[in-house]
Amino acid sequence: MKFVWYGLFVLAILSPLAAVSDVPAVESKTGAQVSLTSDESLLLSLINSERVENGLPALNLDPILTDVARRHSSDMAKRDYFSHLEPQPNPLTPLDRYAKALGKQPDLVVGENLGRAEEPLMGMLHECMMKSPEHKANILDKDYTQIGVGIYMLPEGKVWITQMYAGKPQIMR
């Protein structure tokens with residue numbers, strides 16, 4: 001299995017996040033409705049634009065990955081940590097969190113990009129991720145077909161971002 005564990009710290013300035021309820025639902029490939037905030041929707045659009053510009057298919061929004069990403073961003077903000085591995089007492093990996101949400105072990109490749117900022121500025125965050133070889137590798141990984149984006153903001157404006165990726169690994173020859 002492939003684990004991609006990278007983080008990114010970004011300081012930025014912009015207006016507060018929209019509430020999830022303020023944004024119309026987007027239909028996922030499975031037909032499930034997923035409501036994204038305007039910032040989550042912007043990140044998804046920027047990621048898919050990069051993929052298409054690089055000859056890759058756009059990623060499909062996955063409601064389970066989105067939920068797991070949102071929960072991880074919220075957990076990092078509320079417990080004041082910044083890591084792909086949750087702290088004790090139950091140190092879960094991105095794959096562990098996804099498997100727990102699915103209720104079974106997936107046979108998928110799972111990757112994760114993290115971001116943290118003093119205030120949300122999604123364009124700058126995306127640009128920084130594209131300048132980071134590890135983050136860019138996740139965004140442009142040909143094995144990934146699904147994505148979930150989760151953003152959590154504290155009342156004072158600090159924001160945590162989790163991008164989760166999943167897809168079938170290519171068969172080794």
Please say yes or no: joined through hydrophobic side-chain contacts below 4.5 Å, possibly via intermediate residues, are Tyr144 and Leu140 part of one cluster?
yes
What I'd like to find out is whether the side chain of Asp143 reaches to under 4.5 Å of the side chain of Tyr165, using heavy atoms alone.
no
Between Arg79 (side chain only) and Glu86 (backbone N and O only), is there a donor and an acceptor less than 3.5 Å apart?
no
Atom pair CG (Leu108) and CD (Gln105), whose distance is rounded to the nearest 0.5 Å
10.0 Å
Which residues satisfy the salt bridge (Lys or Arg N to Asp or Glu O under 4.0 Å) test with Lys78, sequence neighbours excluded?
none
Does Leu65 reach the side chain of Tyr98, with side-chain heavy atoms less than 4.5 Å apart?
yes
Residues two or more places apart in sequence or in another chain: which of them pass side chain to side chain donor-acceptor pair (under 3.5 Å) with Lys131?
Glu127
Nearest-0.5 Å distance that lies between atom CD1 in Ile147 and atom CD in Glu40:
10.5 Å
Counting N and O atoms only, with roles assigned by atom type, does the side chain of Asn48 sit under 3.5 Å from a partner on the main chain of Leu59, one being a donor and the other an acceptor?
yes
Min side-chain heavy-atom separation Asp75-Arg71 under 4.5 Å:
no
Given 3.5 Å as the limit, does a donor-acceptor pair link the side chain of Arg51 with the main chain of Leu56, or not?
no
How long is the gap from CG on Asn113 to CD on Glu134, to the nearest 0.5 Å?
9.5 Å
Using atom types as modelled and distance alone, determine if a side-chain donor or acceptor of Ser74 lies under 3.5 Å from a backbone N or O of Arg70.
no
How far apart are the closest heavy atoms of Ala101 and Ile64, and which atoms are they?
CB-CG2, 3.8 Å
Do Leu42 and Val34 sit in the same hydrophobic cluster, where Ile, Leu, Val, Met, Phe, Trp and Tyr count as joined when their side-chain heavy atoms come under 4.5 Å apart?
yes
Nearest heavy-atom pair of Ala99 and Pro106: which atoms, and what distance?
CB-CD, 3.7 Å
When you measure from the side chain of Thr93 to the backbone of Leu85, do you find a donor-acceptor pair of N or O atoms at a distance under 3.5 Å?
no
Heavy-atom side-chain proximity of Ile161 to Leu43 below 4.5 angstrom
yes
Pick from Lys100, Glu112, Arg97: which one makes a side-chain contact (heavy atoms from CB on, under 4.5 Å) with Val68?
Arg97
Flag the pair Val110 / Pro94 as yes when at least one side-chain heavy-atom distance between them is below 4.5 Å, and no otherwise.
yes
So which atom in Ser73 and which in Gly150 form the shortest heavy-atom distance, rounded to 0.1 Å?
OG-O, 2.8 Å
Test item: Asn54 side-chain N/O and Glu50 main-chain N/O as donor-acceptor pair under 3.5 Å:
yes
Is there a side-chain contact between Gln163 and Asn138 in this structure, where contact means two heavy atoms from C-beta onward sitting under 4.5 Å apart?
no
Is it true that Leu46 and Val52 fall in one hydrophobic cluster, defined by side-chain heavy atoms closer than 4.5 Å?
no
Using a 4.5 Å cut-off on heavy atoms from C-beta on, say whether the side chain of His72 contacts that of Met164.
no
Provide the closest heavy-atom pair for Met76 versus Thr162 in the form atom of the first, atom of the second, distance.
CE-OG1, 3.6 Å
Any side-chain heavy-atom pair from Val149 and Leu36 closer than 4.5 angstrom?
no
Atom pair CG/CG of Asn90 and Leu92 - distance to nearest 0.5 Å:
4.0 Å
Atom of Phe82, atom of Trp160 and distance for their closest heavy-atom approach
CD1-CD1, 4.1 Å
Examine distances only and state if a side-chain atom of Ser49 and a backbone atom of Ser45 form a donor-acceptor pair shorter than 3.5 Å.
yes
